[in-house]
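Note that these values count all heavy atoms, side chains included, but never hydrogens, waters or copies made by symmetry. For clarity, every value in this text was computed on a predicted model and none was experimentally measured.
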Amino acid sequence: MKQIPYWMDTAPALPDRSGKDLPDEADVVVIGGGLTGLSTAYHAARKGARVVLVEKDQVGSGASGRNGSHCNPGITISPAQARQRYGQERARELYDAFRVAVDLVEEIAVREKIDCDFHRAGRLGLACKPKHLEGMHAKQRDLAENFGHETVVLSKSELRAELGSDYYHGALLDPLGAALHVGKFVVGLADAAERAGAEIHERNAATGLTRLPGGGFVVETMHGTIRAKQVMAATDAYTDQSMPWFRKRLINVGSFIIVTEPLGEARAKELIPNGRLLVAHKNVGNYIRLTPDNRLAFGGRARFAPSNPASDVKSGDILKREMTEIFPQLAGVRIDYVWGGMVGFSWDRIPHAGEVNGLYYSMGYCGHGVQMATYMGRAVAEMMDGNPEANPMRGFGFPKVPVPFYNGTPWFLPFGGAYYKAKDRLL
């Protein structure tokens with residue numbers, strides 16, 4: 001069993017981008033080589049900026065290569081909550097950004113000829129209890145009437161045509177949900193950024209920032225310094241102590257995934273006949289899909305613990321039990337991959353992006369990072385080019401941190417996990 005992400009293990013090999021000399025200066029320095037940073041570098045370079053990206057490991061080594069490889073429209077909070085918080089106009093703008101984000105991933109894959117298995121598989125939000133269906137009908141009406149987004153509610157009997165399991169009680173089908181091989185997309189986007197003119201420096205962590213009186217920054221790295229007119233922090237859940245202001249505004253939650261041995265096409269189609277993306281409709285749910293080579297990828301929060309080799313194995317055991325509870329026919333299937341990673345959550349469960357003390361940032365994707373990191377990378381490139389209206393998160397700002405003396409270490413997660421699991425059992 002491999003303890004590495006299936007997506008990066010089965011993607012084309014990454015070239016070695018370490019050991020290169022940093023230039024003395026750049027128009028833009030991007031800190032972080034995930035999808036946010038790569039997209040920022042790609043779009044800024046296409047605008048003609050001299051861009052340098054520094055990454056402490058390899059591109060895609062953080063959340064961008066460790067996720068479930070879902071690419072779905074829809075915000076983390078409900079459409080009704082969004083309207084209540086922000087009003088109809090801003091809620092619609094926010095929702096449209098999440099929808100356009102999926103289109104952008106597809107657009108880049110086509111333009112740059114990135115063979116990443118992108119296709120509109122459709123997403124099923126699965127009802128874990130019969131009463132969840134009532135809420136799905138209300139959400140379907142809200143999406144159609146207030147957001148121009150058509151979805152379909154499936155009863156339990158109708159769901160049988162979509163799922164080889166009787167575990168769930170119905171679903172909300174969003175036909176615009178997309179699947180892709182995120183490892184191939186990361187590799188392809190890095191190549192595209194370099195073709196556009198960006199420089200990528202791996203295994204060269206940023207260690208400090210000094211703002212200059214006349215504007216711009218000096219960026220200190222493990223292997224030298226570079227002067228930049230503009231700097232973008234694209235580190236999300238992997239933000240370290242060099243950026244304490246951001247760390248305490250994010251809750252970093254562990255998420256874990258197992259991938260089975262190849263099941264063969266016939267057996268895979270018995271599980272998910274139409275290849276949909278599956279997401280359980282509860283606070284501590286699972287996200288499930290078939291891989292391009294007919295394995296089942298099964299993810300979830302599992303233990304509300306940080307990701308490390310020992311923790312990943314324990315979480316993998318929990319996930320296998322959950323998987324076989326939903327799909328009893330997989331009881332004897334071998335698990336070929338298990339891994340974990342960190343997901344950046346904001347306190348109000350929406351992404352945040354903007355500029356603070358001259359430093360640009362986009363973080364807190366709350367599990368929607370594949371499409372929103374890509375989209376917000378483009379938005380930040382526009383912001384740095386003098387177009388602040390390109391930021392759909394403008395004006396929101398990070399909410400006040402509700403935990404006194406919080407410094408970015410979420411010691412309360414086990415308690416929060418127990419609370420949300422209890423809610424799932426009772427509600």
Please determine whether side chain to side chain contact (heavy atoms under 4.5 Å, CB included) holds for the pair L163 and L126, giving the CA-CA distance in whole Å, both sets of side-chain angles, and the decisive distance to 0.1 Å. CA-CA 10 Å; L163 193 63; L126 298 162; 4.3 Å; yes
Would you please test L154 and V152 for side chain to side chain contact (heavy atoms under 4.5 Å, CB included) and show each step? CA-CA 6 Å; L154 302 178; V152 180; 3.9 Å; yes
Show your reasoning for whether side chain to side chain donor-acceptor pair (under 3.5 Å) applies to Y337 and D9. CA-CA 10 Å; Y337 292 85; D9 192 45; 2.6 Å; yes
Within-4.5 Å side-chain heavy-atom neighbours: L277 and D174: no
Does any part of the side chain of S346, heavy atoms only, come nearer than 4.5 Å to the side chain of C366, both counted from C-beta? yes
Please lay out, stage by stage, how L180 and S69 fare under the test side chain to side chain contact (heavy atoms under 4.5 Å, CB included). CA-CA 6 Å; L180 79 163; S69 212; 4.1 Å; yes
Any carboxylate oxygen within less than 4.0 angstrom of a Lys/Arg side-chain nitrogen, looking at R92 and D96? yes
Compare all side-chain heavy atoms of L359 with those of F246 and state whether any distance is below 4.5 angstrom. yes
Please check if the number of heavy atoms outside K314 that lie under 6.0 Å from its NZ is greater than 12. no
State, yes or no, whether a side-chain contact exists between V333 and L296 at a heavy-atom distance under 4.5 Å. no
Sidechain N-carboxylate O distance under 4.0 Å for R120, D103: yes
Quick one: pull up SG in C116 and CH2 in W7 and give me the separation to the nearest 0.5 Å. 11.0 Å
What verdict does the side chain to side chain donor-acceptor pair (under 3.5 Å) test give for Y360 and T40, after you've listed the backbone C-alpha separation in whole Å, the side-chain angles of each residue and the deciding distance to 0.1 Å? CA-CA 11 Å; Y360 289 90; T40 304; over 6 Å; no
Determine whether E162 and N274 satisfy the following criterion, side chain to side chain donor-acceptor pair (under 3.5 Å), listing intermediate values before the conclusion. CA-CA 6 Å; E162 297 280 359; N274 298 312; 3.0 Å; yes
So do the side chains of F185 and T374 get within less than 4.5 Å of each other, counting heavy atoms only? yes
To check you understand the geometry: which heavy-atom pair defines the closest contact between A63 and M342, and what is its length? CB-O, 3.5 Å
Applying salt bridge (charged side-chain N to carboxylate O under 4.0 Å, His left out), run through R267 and E270 and close with a yes or a no. CA-CA 5 Å; R267 196 174 184 188; E270 288 177 5; 5.7 Å; no
Under a 4.0 Å threshold between the charged nitrogen and the carboxylate oxygen, would R17 count as salt-bridged to E199? no
Considering non-hydrogen atoms only, spot the tightest contact between Y238 and G341 and give its length. OH-CA, 3.5 Å
Close side-chain approach of D240 and T235, heavy atoms under 4.5 Å: no
Show me the pairs that pass ring-ring contact (aromatic ring centres under 6.0 Å, His included) and involve residues 70-93, at least two apart or across chains. Y86-F396
Measure the acute angle between the ring planes of Y361 and F398, then classify it against the limits of 30° and 60° as parallel, tilted or perpendicular. parallel
Answer whether the closest heavy-atom distance between the side chains of P399 and H352 falls below 4.5 Å. yes
What distance do K269 atom NZ and N294 atom CG have between them, rounded to the nearest 0.5 Å? 8.5 Å
Can you tell if the side chain of Q140 reaches within under 4.5 Å of the side chain of L172, non-hydrogen atoms only? yes
Answer yes or no: does atom NZ of K320 have more than 12 heavy-atom neighbours from other residues, nucleotides or ligands under 6.0 Å? yes
Within this structure, what is the CD-CG distance for the pair E112 and D191, rounded to the nearest 0.5 Å? 9.5 Å
Verdict with supporting geometry, F298 and I288, side chain to side chain contact (heavy atoms under 4.5 Å, CB included): CA-CA 5 Å; F298 189 97; I288 308 163; 3.5 Å; yes
